[in-house]
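All remarks here apply to the structure that follows.
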Amino acid sequence: MKDGRSGKSIFRKDYTAYPWDVNHLDLNFDIGRETTIVRSEMAFHLKDQTRSTHDIVLNGSNLQLVSLSLNDCLLSEDEYVIDGETLTIPGAPRKSVLKTEVKIHPQSNSALEGLYVSGAFLLTQCEAQGFRKITWFPDRPDVMTSYRVTMEADQSEFPVMLSNGNQVAQGDLTGGRHWVRWEDPFPKPSYLFAVVAGDLALVEDKFTTQSGRDVALRIYVEAENIDRCEHAMESLVNAMRWDEQRFNLEYDLDIYHIVATNDFNMGAMENKSLNIFNSKYVLARPDTATDADYQGIEGVIGHEYFHNWTGNRVTCRDWFELTLKEGLTVFRDEEFSSDMQSRAVKRIRVVRDLRSRQFPEDDGPMAHPIRPDQYVEINNFYTATVYQKGATIIRMYHTLLGEAGFQKGMKLYFERHDGQAVTCDDFRAAMADANGVDLERFGRWYSQSGTPQVHITDHHDPATGKYTLKLRQHTPATHDQKNKQALVIPFALGLLTANGEELPMQLEGETKASGGTRLLLMEDTNEEFTFINIPEPPVPSLFRDYSAPVKVFYDYTPEQLAVLITFDSDAFVRWDAAQSMAQGAILEQCRRRAKGLEMRLDSSLIKAFEGILSDRMADPALLAEAMILPDEDYLAEQMEVVDVDGIHAARKFIKRALAEKLQALLNERYAELNDGLPYQKTPTAMARRVFKNVCLSYLTETQKGESITAAQLESSDNMTDTLAAMKGLILMDSPQAEAVLADFESRWSEDSLVMDKWFIMQAINPGADTVNKVRELMQHPAFSIQNPNKVRSLIGVFSMLNPTGFHASDGSGYEFHADRVIELDALNPQIAARMASAFNRWKRYDEDRKALIKTQLQRIAAVDGLSGDVSEIINNALR
Ligand code: PHE
Ligand code: ZN
C-alpha cells in the first residue's frame with residue numbers, strides 16, 4: 001500500500017486514549033522548495049501516575065529521518081522500530097523530551113497533503129492525517145499541544161512566513177535570509193497546524209469584537225489577485241458579527257489570517273487563525289465570478305470562521321466523530337447564509353443538494369452513518385453524509401428544542417468541553433441536559449445509515465369530521481447494515497382546504513385548535529394522528545421546511561399538488577410540490593418513450609408553471625427554484641434501471657414544450673427582469689438575475705431564443721449573465737457557440753478560476769461526443785492533471801454531471817474515466833478516490849453498461865500499488 005498505510009479497516013469501537021500528554025511542541029523549519037528541514041522538540045508526560053515507563057508511538061509518512069534523540073541521547077536504529085506509518089520507542093521514561101530532525105520535499109509533493117508548493121509559495125494541509133508528512137508526531141485529534149514555530153528562509157523568495165497564533169519575534173540572518181517565530185496560545189490538535197511561506201500580497205481590515213478587542217483581518221493572495229478580495233473580507237466581518245449576535249461567540253485571538261491557493265484538494269481549511277482556502281472561495285470580482293460564486297464565498301468564509309468554536313476550541317476525539325464538528329458547522333453556515341440572504345431559498349438549495357448528493361451515497365456501496373463505525377482511509381469519509389446529512393441531524397435538535405433550547409444546549413456544550421476533544425454523544429448529552437429532555441432514541445440518527453422512508457396515508461370521515469393520518473417509517477437495508485431501527489422523526493404539518501386556506505388543527509383529546517404549522521413527532525415505526533372538526537378532505541402539507549431528512553411517500557392528486565404550489569404558506573412545500581409534479585411528468589414521458597409512444601405535455605404542469613411565472617409577489621429567487629426542473633441524476637435515482645437517454649430526452653421534451661406553451665409569459669418576465677441597470681451585488685439584484693436567467697434557459701429552447709441570448713451576452717456586465725448566455729448558446733448548438741468560446745478563452749486564458757468555467761461549460765455539454773472534446777481539452781495549456789480544480793472542472797464534471805456523455809453506450813466515457821483515475825492515483829490519491837466514486841452507482845444501469853463499468857472497475861483494482869484511498873472505493877463498488 002502506498003505511503004505505508006495498511007489498507008485495512010479501523011474501527012470506532014477500538015478507540016483507546018493516548019497514554020501521554022504532549023503539552024509542548026517546538027518546531028523549526030528551514031524552508032526550501034526542494035528540501036525543507038524540520039526539527040522538532042516535544043515534551044512527553046505519562047498520564048498514568050503508577051507507571052514509570054511506556055512505549056511512545058508516533059506517526060510519520062514519507063519522512064527522511066536525519067536524527068532522533070530521547071532526553072538528549074541520540075537513538076540508534078535498534079532503539080526504535082519503524083513499521084509503516086508508526087515509529088515506536090519502547091519503554092520511554094515518564095518524562096521524556098524527544099527531538100527529531102527530518103527532511104521533506106515540498107516540490108515533489110503532488111498529493112497536496114503535508115507541506116507542498118503552490119505558485120509563489122509553500123503551504124501545509126494537515127487535516128486529517130497530513131501532519132505526519134511534516135514530522136513524527138502523535139497525529140491524532142485527541143492529542144492537544146501548544147505550538148511554537150520558527151521558520152527561516154531566503155528573504156526575497158519567502159518574504160512572508162506565517163503560522164498559527166501570534167508573531168512573537170523575527171530577525172535577519174546573513175546571506176539574505178530571515179527568520180520569524182509564531183506562538184499559538186491555544187493548545188490544538190496537529191490537524192489544525194499550518195505554515196505558509198512565500199511571496200504573497202495582502203489585504204487588511206479590522207474587526208472590533210463585542211467585548212471591544214481589535215482583531216487584525218488579513219487576506220493573503222498572489223499579487224495579481226489583490227483586487228478580488230473585497231467580498232471575502234466583507235463576508236468575514238459579517239460572519240464574525242453574526243456569530244456574536246446569534247451564538248454569543250467571540251473571536252479569541254488578535255489576528256485572523258486567510259490565505260488563498262489555487263492548489264487545494266478541498267474547499268478550505270480552518271487551521272487556527274490561519275485558514276487556507278481554495279482560491280475559488282476567496283477571489284471574486286463581478287466580471288470574474290457568478291452570483292453562485294459570491295454566495296459560495298460567503299458560505300465557506302463563514303464555515304471556516306465558525307469552526308473556531310465548533311471544531312477548534314472543542315474538537316473531535318477521533319476521526320469517527322468528524323460530524324461533531326462538520327455537521328454542526330455546516331448547520332451554522334447554513335443559518336448564517338439564511339440570515340444574510342433568503343432563508344427560504346437557502347433551505348430549498350440545501351434540500352436539493354442533499355437529495356442529489358447525499359441520498360445516492362446512502363443508497364450506494366459507500367453508505368455509512370453520519371458517524372461511521374469503520375473506515376480504511378478517513379479522507380474517503382469527508383462526505384455529503386458526514387457534512388450535509390450531519391447538518392440535518394443538528395437541525396432536528398434545533399427543530400425539537402427551538403432556538404432558545406438549542407442555544408442553551410450550545411452554551412452547556414462549551415461550558416463542559418471547551419479545550420477538549422469529545423464525541424457526538426457528548427454533544428447530544430449537552431443538548432439533553434440543558435433542556436431536561438431525553439435524547440436517547442434520537443441518538444440512533446448517528447449510528448444508522450440509509451435514507452428513511454415515511455409512507456403516509458390518510459382518511460377523512462365526512463360524518464364525524466375526523467381526519468386521520470397514518471405514518472409508517474421504514475429504512476431500507478444498506479450494504480453496511482441489514483436491520484434498521486425506528487428513528488425519532490419531527491413531522492411538521494399543515495392542512496389546507498381545496499381553496500388553499502389553512503385549517504386550524506385540533507388533535508383528538510385536545511381542548512382547542514391551533515393554526516399554522518403543527519410540529520408532531522414520530523417515535524415509532526407506525527404513528528397515527530387524528531384531527532377533529534375537519535369539514536372537508538384537506539390537502540396535507542407534509543414535512544414543512546423539510547423537518548426531517550427522509551423520503552416522503554404520499555399519493556397526491558395533480559389537483560392537490562396544484563393547491564400546494566399555489567397556496568401553501570411554506571416555501572419549501574410549494575417548491576417541493578412543483579418538483580414532484582415536474583418529476584412525475586418527466587418520468588412518465590420517459591416511460592412512454594421507452595414503449596415507443598409519443599411524448600406529451602400534461603395540462604396541469606402547464607397551469608402550474610404558468611402560475612409560478614405570473615406570480616409577481618413572491619421572491620424571484622424562489623420562483624427560479626420552482627422553475628428549475630429536477631436534474632437528470634436525481635431523476636435517475638427514481639428509476640429501477642436508469643434509462644440514461646430516456647431521461648435526457650424526456651426532460652428536454654418537457655422543458656421545450658413548457659417553453660413553447662409559455663413563451664409569451666417567459667418573454668414578458670424576461671423583459672421586465674432584464675432592466676439594463678448596472679450590476680449590483682445585493683440579494684435583490686441576485687434574485688432578479690437568477691430568475692431572469694432561468695427564464696432565459698427556457699427561452700433558449702424556442703425559436704427566438706438565439707437572438708435574446710446573443711443580446712444578453714453582448715450587453716452583459718457580469719459573469720452571471722455572461723455564463724448563462726454562453727451556456728444557452730452551447731446547449732442550443734448555436735453556430736455562434738464556437739466563436740463565443742474562443743473569445744472567452746482569449747480574454748481569460750491567464751485566469752485560472754475563470755478558465756475552470758470554460759472547461760465546465762464544455763465538459764457538461766450532453767452527448768456521446770463530449771468525451772473526445774474532454775480528451776482534447778486535457779491538452780490545453782490551462783489544464784493540469786496536478787491541479788484539483790482543473791480535474792474537478794473537466795474530468796469531475798464530465799463523469800458526474802454529464803450523464804449522456806459519461807454513460808455513452810459504447811463505454812468510451814467509462815474507459816476514459818478509468819484511465820484518469822489510474823493516472824491521478826499516482827499523483828493525488830485523495831482526488832483520484834473522489835473521481836473513482838463516479839462509478840459508485842453502476843449497479844443501477846442496464847446489463848450492457850454494467851458489464852462495461854465492471855471491466856473498468858476491475859482494471860483499476862488490478863493496478864499495482866493502488867492507493868488505499870482508491871482501493872477502498874473500488875473494492876466497495878465491486879463487492
Ligand atoms: N475541514 C475542512 C472544512 O470542512 C475540510 C477539509 C478536510 C479541508 C480535509 C482539507 C482537508 O472546512
Ligand atoms: Zn468544515
Side-chain angles (χ1 to χ4, degrees), residues 61 109 111-116 118 123-134 139-141 164 188-194 196 232 235-236 239 243 256 258-282 296-316 318-337 353 357 370 372 375 377-391 393-394 421 424 788-789 792 828-834 869:
S61 168
N109 179 357
L112 313 188
E113 200 188 34
L115 182 69
Y116 65 95
S118 173
L123 72 160
T124 54
Q125 171 51 45
C126 293
E127 188 178 3
Q129 298 178 332
F131 193 70
R132 63 188 62 188
K133 294 184 163 183
I134 295 170
D139 189 13
R140 40 187 289 168
N164 318 89
K188 63 170 173 289
S190 55
Y191 82 89
L192 291 173
F193 165 81
V196 170
S235 301
L236 177 58
D243 215 14
Y256 196 88
I258 287 175
V259 176
T261 169
N262 286 329
D263 302 278
F264 206 66
N265 284 343
M266 308 279 276
M269 180 63 214
E270 70 265 24
N271 315 303
K272 184 82 187 184
S273 77
L274 180 51
N275 289 181
I276 295 179
F277 272 64
N278 188 324
S279 55
K280 175 177 165 54
Y281 292 112
V282 176
I297 290 168
E298 180 178 80
V300 178
I301 293 267
H303 182 97
E304 306 312 328
Y305 175 73
F306 303 143
H307 266 316
N308 190 53
W309 279 96
T310 50
N312 302 3
R313 290 287 290 252
V314 183
T315 195
C316 304
D318 60 38
W319 291 117
F320 295 102
E321 307 290 341
L322 182 59
T323 199
L324 173 77
K325 74 177 177 81
E326 295 304 346
L328 178 54
T329 305
V330 170
F331 169 76
R332 276 153 53 70
D333 84 52
E334 287 175 2
E335 283 300 294
F336 171 54
S337 297
D353 180 65
R357 295 196 306 123
I370 64 165
Y375 60 75
E377 174 50 67
I378 183 59
N379 286 317
N380 286 332
F381 287 80
Y382 285 77
T383 56
T385 301
V386 167
Y387 275 66
Q388 275 73 34
K389 185 175 180 182
I393 310 307
I394 303 293
C424 298
N789 284 358
R792 282 185 282 256
N828 186 331
Q830 275 183 49
I831 298 295
R834 296 262 158 184
D869 304 62

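For this chain, numbers begin at 1 and follow the sequence in order. Whatever order the structure lists them in is the order used to number ligands and atoms, beginning at 1. Predicted model only: the values in this text are computed from it and were never measured.
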Requested in this report: Describe, in one word, how the ring planes of Tyr387 and Tyr382 are oriented to each other, choosing from parallel (under 30°), tilted (30 to 60°) and perpendicular (over 60°).
Outcome: tilted
**Report entry** Residue Tyr387 vicinity, atoms of ligand 1 by number, heavy atom under 4.0 Å
**Finding:** 1 (N), 2 (C), 3 (C), 4 (O), 5 (C)
Query raised in the report: Would Lys325 count as a contact of ligand 1 if the rule is a heavy atom under 4.0 Å away?
Result: yes
**Report entry** Phe381 ring center within less than 6.0 Å of Phe320 ring center
**Finding:** no
Query raised in the report: Taking both backbone and side-chain atoms of Gln125, is any N or O found less than 3.5 Å from an N or O belonging to ligand 1?
Result: no
Report task. Check whether any side-chain heavy atom of Ile134 lies under 4.5 Å from a side-chain heavy atom of Thr124, and answer yes or no. Result -> yes
Report summary line: Note: ligand 1 atoms sitting under 4.0 Å from heavy atoms of Glu270 are 1 (N), 2 (C), 3 (C), 12 (O)
**Report entry** Atom pair NZ/OG1 of Lys280 and Thr261 - distance to nearest 0.5 Å
**Finding:** 14.5 Å
Query raised in the report: When you check the side-chain N and O atoms of Thr329 and His307, is any donor under 3.5 Å from an acceptor?
Result: yes
Query raised in the report: What protein heavy atom sits nearest atom 1 (N) of ligand 1, and how far off is it?
Result: Glu127 OE1, 2.5 Å
Query raised in the report: Any nitrogen or oxygen of Tyr382, main chain or side chain, under 3.5 Å from a nitrogen or oxygen of ligand 1?
Result: no
Requested in this report: Return yes if a side-chain donor-acceptor contact under 3.5 Å exists between Tyr305 and Ser235, otherwise no.
Outcome: no
Query raised in the report: Parallel under 30°, tilted from 30 to 60°, perpendicular over 60°: which one fits the rings of Phe306 and Phe336?
Result: perpendicular
Report task. Return yes when at least one N/O/S atom of Glu326 is nearer than 2.8 Å to the Zn ion (ligand 2), and no when none is. Result -> yes
**Report entry** Proximal atoms of ligand 1 relative to His307 (non-hydrogen, under 4.0 Å)
**Finding:** 3 (C), 4 (O), 12 (O)
Report summary line: heavy-atom search around atom 8 (C) of ligand 1 in the protein gives Ala268 O, 3.3 Å
Requested in this report: Below 4.0 angstrom from a heavy atom of Glu304, which ligand 1 atoms are there? Numbered from 1 as shown, please.
Outcome: 3 (C), 12 (O)
